[in-house]
Amino acid sequence: MGATFAALLLVRGVAICAHVGDSRIYRLRGGELSRLTEDHTRAAEYRRAQGANADPAITKRHEATLTRCLGARPEVVVDVSCEHRAAGDLFLLCSDGLWSVVPEATIARILREEADVGEAAEQLVAEANAGGGPDNITAVVVRPLAAADPVLE
């Protein structure tokens, strides 16, 4: 057993994303949803290796098998990436209990339509529960105050 992890640090005009496992970070920009992280699962590795030739049955069987997580080993490699921020960007950090149940089109619609980040997160969790809620559901929606934050000291 192990835990997944996703973190977002907003500094100046940059969003620094860190994650391990299958918790994800998304960005909504100009109404378009983009996933900023890659899952650390056997299914994701298989899809990356096989591309269009990936067998859906094999993918489904290994969707929940983590290849990296916190707690399984003394050390873990955490993916870190930097993304330039733009005015109006909105970020979603979420667990597989959300993204495995709620289609990305629905996630994008809720993020576009709900101005209040707390309400958006609650709607996303409600949508996952309505879809059966088969796993723990976590959703954190972040709307930066400005495109460039002051330097942290």
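The CG atom of D116 lies 8.5 Å from the CD atom of E122; values are rounded to the nearest 0.5 Å. Rounding to the nearest 0.5 Å gives a distance of 9.5 Å between SG of C17 and CG of L9. Atoms CG and CZ, from L36 and R24 in turn, are 11.5 Å apart once rounded to the nearest 0.5 Å. Rounding to the nearest 0.5 Å places CZ of F91 at 10.0 Å from CG of L28. Atoms CD and CD, from E119 and E114 in turn, are 5.5 Å apart once rounded to the nearest 0.5 Å. Atoms CZ and CG, on F5 and L93 in that order, are 9.0 Å from each other to the nearest 0.5 Å.
In this structure, V140 and L92 have side chains that are not in contact, with every pair of non-hydrogen atoms separated by 4.5 Å or more. Contact of the L90 side chain with the V142 side chain is not registered, since no non-hydrogen atoms from C-beta on lie closer than 4.5 Å. Using a 4.5 Å heavy-atom threshold, the side chains of N129 and I137 count as touching. Side-chain atoms of R27 and L33, non-hydrogen and from C-beta on, never get closer than 4.5 Å to each other. Here the side chains of H19 and V78 are not in contact, with every heavy-atom distance at 4.5 Å or above. Between V80 and I16 the shortest side-chain heavy-atom distance falls below 4.5 Å. Side-chain contact check for D22 versus H40: every heavy-atom pair is 4.5 Å or farther apart. The shortest side-chain heavy-atom distance between L111 and V141 falls under the 4.5 Å cut-off.
Of all non-hydrogen atoms in C69 and G2, the two that sit nearest each other are SG-CA, 3.7 Å. Shortest non-hydrogen contact noted between S95 and T138 is OG-N, 2.9 Å. Of all the heavy atoms in V14 and C82, the pair that sits closest is CG1-CB, 3.9 Å. Closest approach of S23 and T37 over heavy atoms only: O-OG1, 4.1 Å. Across all non-hydrogen atoms, the minimal contact from A139 to A121 is O-CB, 3.7 Å. Taking each heavy atom of A7 and I25 in turn, the nearest pair found is O-CD1, 3.3 Å.
Note on I107: it clusters hydrophobically with V117, by side-chain heavy-atom contacts below 4.5 Å among ILVMFWY residues. Follow the hydrophobic side-chain contacts under 4.5 Å out from W99 and you reach I110 in the same cluster. Transitive grouping of hydrophobic side chains (ILVMFWY, heavy atoms separated by less than 4.5 Å) brings L124 and Y26 into a common cluster.
In N136, the CG atom is not crowded: 12 or fewer heavy atoms of neighbouring residues, nucleotides or ligands sit closer than 6.0 Å. Annotation for R112: atom CZ counts as buried by contact number, over 12 foreign heavy atoms lying within 6.0 Å.
A donor-acceptor distance shorter than 3.5 angstrom exists from the side chain of R143 to the backbone of A115, with no hydrogens or angles considered. Side chain of R68 to backbone of V77: a donor-acceptor contact under 3.5 angstrom is found. A donor-acceptor distance shorter than 3.5 angstrom exists from the side chain of S100 to the backbone of D96, with no hydrogens or angles considered.
A side-chain donor-acceptor contact under 3.5 Å links E45 and T67.
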